[in-house]
Amino acid sequence: SQQGEEDPQALSIQEGENATMNCSYKTSINNLQWYRQNSGRGLVHLILIRSNEREKHSGRLRVTLDTSKKSSSLLITASRAADTASYFCATPQGGSEKLVFGKGTKLTVNP
Amino acid sequence: GAVVSQHPSWVICKSGTSVKIECRSLDFQATTMFWYRQFPKQSLMLMATSNEGSKATYEQGVEKDKFLINHASLTLSTLTVTSAHPEDSSFYICSARGPGQAYEQYFGPGTRLTVT
């Protein structure tokens, strides 16, 4: 079953603008992860935020986690055309190693 | 580090034949690998968890006799789609948890299977 649900499903912006994607989940987690998938390719791990963290940065990426609302957001600042991809949040299923992926947000950055 | 490869990257086969997809961890040992299936414009659906030296654990609704998984070594897992049908056409992706106690998974580039 899918636990993470991304919002919006699709986002189109101009280069240089910021892109914000949101993810909601249903059960308690110990971490939440964001992945990127270029068209027809595998997924690339972007960032992991633990349940005791509220915000994390990695380069132009900023992730927040609100465990009370069971939601997370991914902000990409100063977007580039190369950021065009689908972005997925993923959470562990129960206490296992399995990851449950959301439906993803398709981001298009126009040059 | 933590590179996962898949082979082949794409394959076309005829209905009724079997296809084997390989997933390798290139620079680390992976006792557990995962196999996902992804339909166009959809998310990844976990098919099974592949455990080195033991039987794979399949998700509900996944036919274990149709999708044979073998985790022969700490760096290799294979998925065989037996008696393939057009509805098995999909993008198959494997992943492995990173070395040590990492939570994140490292994904292969995927295999596009088309059954004619």
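Since we're looking at a predicted model, the values are computed, not measured. Every heavy atom of this structure was used, including side-chain atoms; hydrogens, water molecules and symmetry mates were not.
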- Message: Less than 4.5 Å apart, side chain to side chain, heavy atoms only: is that true for B/Lys41 and A/Lys106?
- Response: no

- Message: For the CD atom on A/Glu15, are there more than 12 heavy atoms of other groups (residues, nucleotides or ligands in this structure) within a distance under 6.0 Å?
- Response: yes

- Which bit of B/Gln60 is near chain A, if near means a heavy-atom gap under 4.5 Å: side chain, backbone, both or neither? neither

- Query: Do B/Ile21 and B/Val62 belong together in a cluster built from hydrophobic side chains that touch within less than 4.5 Å?
  - Reply: yes

- What parts of residues 33-54 of chain A touch chain B if we use heavy atoms and a cut-off under 4.5 Å? A/Gln33, A/Tyr35, A/Gln37, A/Gly40, A/Arg41, A/Gly42, A/Leu43, A/His45, A/Leu48, A/Arg50

- Message: If hydrophobic clusters are built from ILVMFWY residues whose side chains come within less than 4.5 Å, do B/Trp35 and B/Leu113 share one?
- Response: yes

- Message: Just verifying a value: how many Å separate B/Phe107 CZ and A/Leu99 CG, rounded to the nearest 0.5 Å?
- Response: 6.5 Å

- Query: Are B/Tyr106 and B/Met33 in one and the same hydrophobic cluster, where Ile, Leu, Val, Met, Phe, Trp and Tyr link if side-chain heavy atoms are under 4.5 Å apart?
  - Reply: no

- Name the region of B/Gln38, side chain, backbone, both or neither, that has any atom closer than 4.5 Å to a heavy atom of chain A. side chain

- Message: With clusters defined by side-chain heavy atoms of hydrophobic residues (ILVMFWY) lying less than 4.5 Å apart, directly or transitively, does A/Leu61 cluster with A/Met21?
- Response: yes

- Task: Can you establish whether the number of heavy atoms outside B/Lys66 located under 6.0 Å from its atom NZ is more than 12?
- Result: yes

- Query: Looking at CG of B/Leu46 and NZ of A/Lys98, how far apart are the two atoms once the value is rounded to the nearest 0.5 Å?
  - Reply: 6.0 Å

- Message: When you group the ILVMFWY residues by side-chain heavy-atom contacts below 4.5 Å and let the links chain together, are B/Leu44 and B/Val81 in the same group?
- Response: no

- Message: Just checking A/His57: does its NE2 atom have more than 12 heavy atoms from other residues, nucleotides or ligands closer to it than 6.0 angstrom?
- Response: yes

